[in-house]
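These notes concern the structure reproduced below.
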Amino acid sequence: MRNLSLKQLQAVAAVARLGTMTRAAQELNVTSAALYARIRQLEEEAGLLLFDRTPTGLKPTDAGREMLWAINSINTVLETCTDRLRTLKGGGGGRVAMGVVSTAKYFAPAMIAGFMEHHPQVEVSLTVGNRTGTVDALRNYEIDFAIMGRPPRDFAIEAEMFGPHPLVLIASPEHPLAGKRGLDRGDIANESFLVREEGSGTRSVFEEFMNGVMIRRAKLGIDAGSNETLKQAVMAGLGIALLSAHTVASEVAAGRLVLLDVQGLPVRRDWYIVRRSDKVLGPAADAFWDYLVKEGARFLPDLDMAMAEAAR
């Protein structure tokens, strides 16, 4: 494929992202016929189709995904070259695309601020989503790396653990079980549970912890895709919830929430920084990765301190 051009690669990337020739042609400011010709020429050279037609639009085939990998590699090399040229000029700049699961949004900004104290010229793009969305962003090369509680296993990645991630069961201070000791899962089975949405890492941990125990869902018709929504609902006495300790530290310290003492809790997990193993990091992203591995733990909220303050 020696005649491959950047315009052809841009065409493949646009169609894969937007799902239709028409929308991709509009974005690239070319006619649909011209765009189709670019894609068709690539397919003829490769001897393989790059896209499948599906009810939801054009989807990359295995050959198309290989082409997208090549596109990402080329873009990464060009971005790395640009970053290194800036570094050589003494600017110390660069760009970092960072994704975090929604639970990590409580400490990710502090991490970014800490890094930028030492690298003030670096531009950081932060994307927050649930586990499924964050993993998809990694898989599709949309971000340089991600912070999450459990690395994916369905594609090749590199991961570094940088700190503990406990999950706890919270209730309002007026809840009948508040202050009781030595509870087991049977003692809480009949409580009204508020849970995160499907695709959330917290939801997966909850299902693992309560596996084999019949539970009762709260009579609350909300889309519980937000830690904040769940915390407010628990404080209002609408149910109890299993959440990351790092999302509730301030409320526990202020006495607005309490931790239930249940056997097996807190659930012990870890925080990881994760990237695709074939993702080449530019100088800025590489520096941020090293910073998080070495310094990330100190930005995690201190739940032990929150509990001590709550007990006063």
Side-chain angles (χ1 to χ4, degrees), residues 13 17 68-69 71-152 155 157-165 200-201 225-228 244 246-247 249-250 270-302:
R17 187 174 67 257
L68 289 172
W69 175 85
I71 293 166
N72 173 75
S73 298
I74 291 170
N75 287 336
T76 298
V77 169
L78 292 174
E79 290 173 2
T80 300
C81 178
T82 300
D83 289 343
R84 287 176 175 168
L85 289 175
R86 287 178 178 174
T87 302
L88 288 173
K89 290 193 298 183
R95 295 180 300 278
V96 181
M98 173 183 177
V100 302
V101 295
S102 56
T103 300
K105 70 182 181 182
Y106 294 89
F107 54 81
M111 289 177 163
I112 294 171
F115 173 74
M116 293 184 72
E117 284 184 9
H118 306 285
H119 302 82
Q121 302 303 316
V122 172
E123 298 177 11
V124 179
S125 171
L126 176 64
T127 302
V128 181
N130 67 11
R131 174 181 168 78
T132 297
T134 303
V135 170
D136 285 344
L138 269 180
R139 181 184 290 108
N140 297 328
Y141 301 95
E142 295 170 9
I143 53 179
D144 292 313
F145 55 76
I147 291 176
M148 61 179 60
R150 179 166 47 91
F155 59 96
I157 56 95
E158 290 184 19
E160 293 276 2
M161 189 273 286
F162 66 85
H165 179 201
S200 161
S226 162
N227 290 317
E228 292 304 318
S244 165
H246 294 142
T247 70
S250 62
D270 294 301
W271 283 113
Y272 290 88
I273 177 173
V274 184
R275 72 175 187 242
R276 286 193 62 123
S277 59
D278 58 359
K279 177 69 175 178
V280 180
L281 298 182
D286 192 50
F288 202 170
W289 175 282
D290 289 341
Y291 179 80
L292 290 176
V293 171
K294 296 174 182 176
E295 303 290 340
R298 69 185 179 91
F299 294 100
L300 298 177
D302 189 341

- [ ] Search all heavy atoms of Leu68 against all heavy atoms of Ala13 and return the closest pair with its distance.
- [x] CD2-CA, 4.0 Å
TODO: Measure across Ala108 and Met98 and return the closest heavy-atom pair with its distance rounded to 0.1 Å.
DONE: CB-CE, 4.4 Å
- [ ] Give, for atom CD1 of Ile112 and atom CE of Met116, the distance between the pair rounded to the nearest 0.5 Å.
- [x] 8.0 Å
TODO: Would you indicate whether the side-chain heavy atoms of Met148 and Leu138 approach each other to under 4.5 Å?
DONE: yes
TODO: Answer yes or no: is there a side-chain heavy-atom contact under 4.5 Å between Met111 and Phe162?
DONE: yes
TODO: Would you check if the side chain of Asn140 reaches a backbone N or O of Glu142 as a donor-acceptor pair within less than 3.5 Å?
DONE: no
TODO: Identify, with sequence neighbours excluded, every residue that meets salt bridge (charged side-chain N to carboxylate O under 4.0 Å, His left out) alongside Arg275.
DONE: Glu158
- [ ] Looking only at non-hydrogen atoms, find the nearest pair between Ser102 and Val128 and report the distance.
- [x] CA-CG1, 3.6 Å
Open item on the list: Which heavy atom of Pro152 sits nearest to which heavy atom of Val135, and what is that distance?
Closed with: CB-CG1, 4.0 Å
Open item on the list: With rounding to the nearest 0.5 angstrom, report the CG to NZ distance, Leu126 to Lys105.
Closed with: 10.5 Å
Task: Main-chain N/O of Ala97 paired with Asp144 side-chain donor or acceptor, under 3.5 Å - done: yes
Open item on the list: Any heavy-atom pair between the side chains of Trp271 and His246 that's under 4.5 Å?
Closed with: yes
Open item on the list: Testing the basics here: between Gly163 and Leu300, what is the closest heavy-atom pair and its distance to 0.1 Å?
Closed with: CA-CD1, 3.9 Å
- [ ] Output the distance between atom OH (Tyr272) and atom CZ (Arg150), rounded to the nearest 0.5 Å.
- [x] 10.5 Å
Task: Pairwise side-chain contact, Phe299 with Leu292, heavy-atom cut-off 4.5 Å (strictly under) - done: no
- [ ] For Thr134, enumerate each residue passing the side-chain hydrogen bond (donor to acceptor under 3.5 Å, both in side chains) test, keeping only those at least two apart in sequence or located in another chain.
- [x] none
Task: Trace of the ring-ring contact (aromatic ring centres under 6.0 Å, His included) decision for Phe288 with Phe115 - done: CA-CA 7 Å; Phe288 202 170; Phe115 173 74; 4.2 Å; yes
Cut-off 3.5 Å, no hydrogens considered: what does the side-chain donor-acceptor table look like for residues 277-287, sequence neighbours left out?
residue : atom : partner : partner atom : Å
Ser277  : OG   : Ala156  : O            : 3.4
Asp278  : OD1  : Arg276  : NE           : 2.9
Asp278  : OD2  : Trp69   : NE1          : 2.7
Asp278  : OD2  : Tyr141  : OH           : 2.8
Asp278  : OD2  : Arg276  : NH2          : 3.3
Lys279  : NZ   : Asn72   : OD1          : 3.4

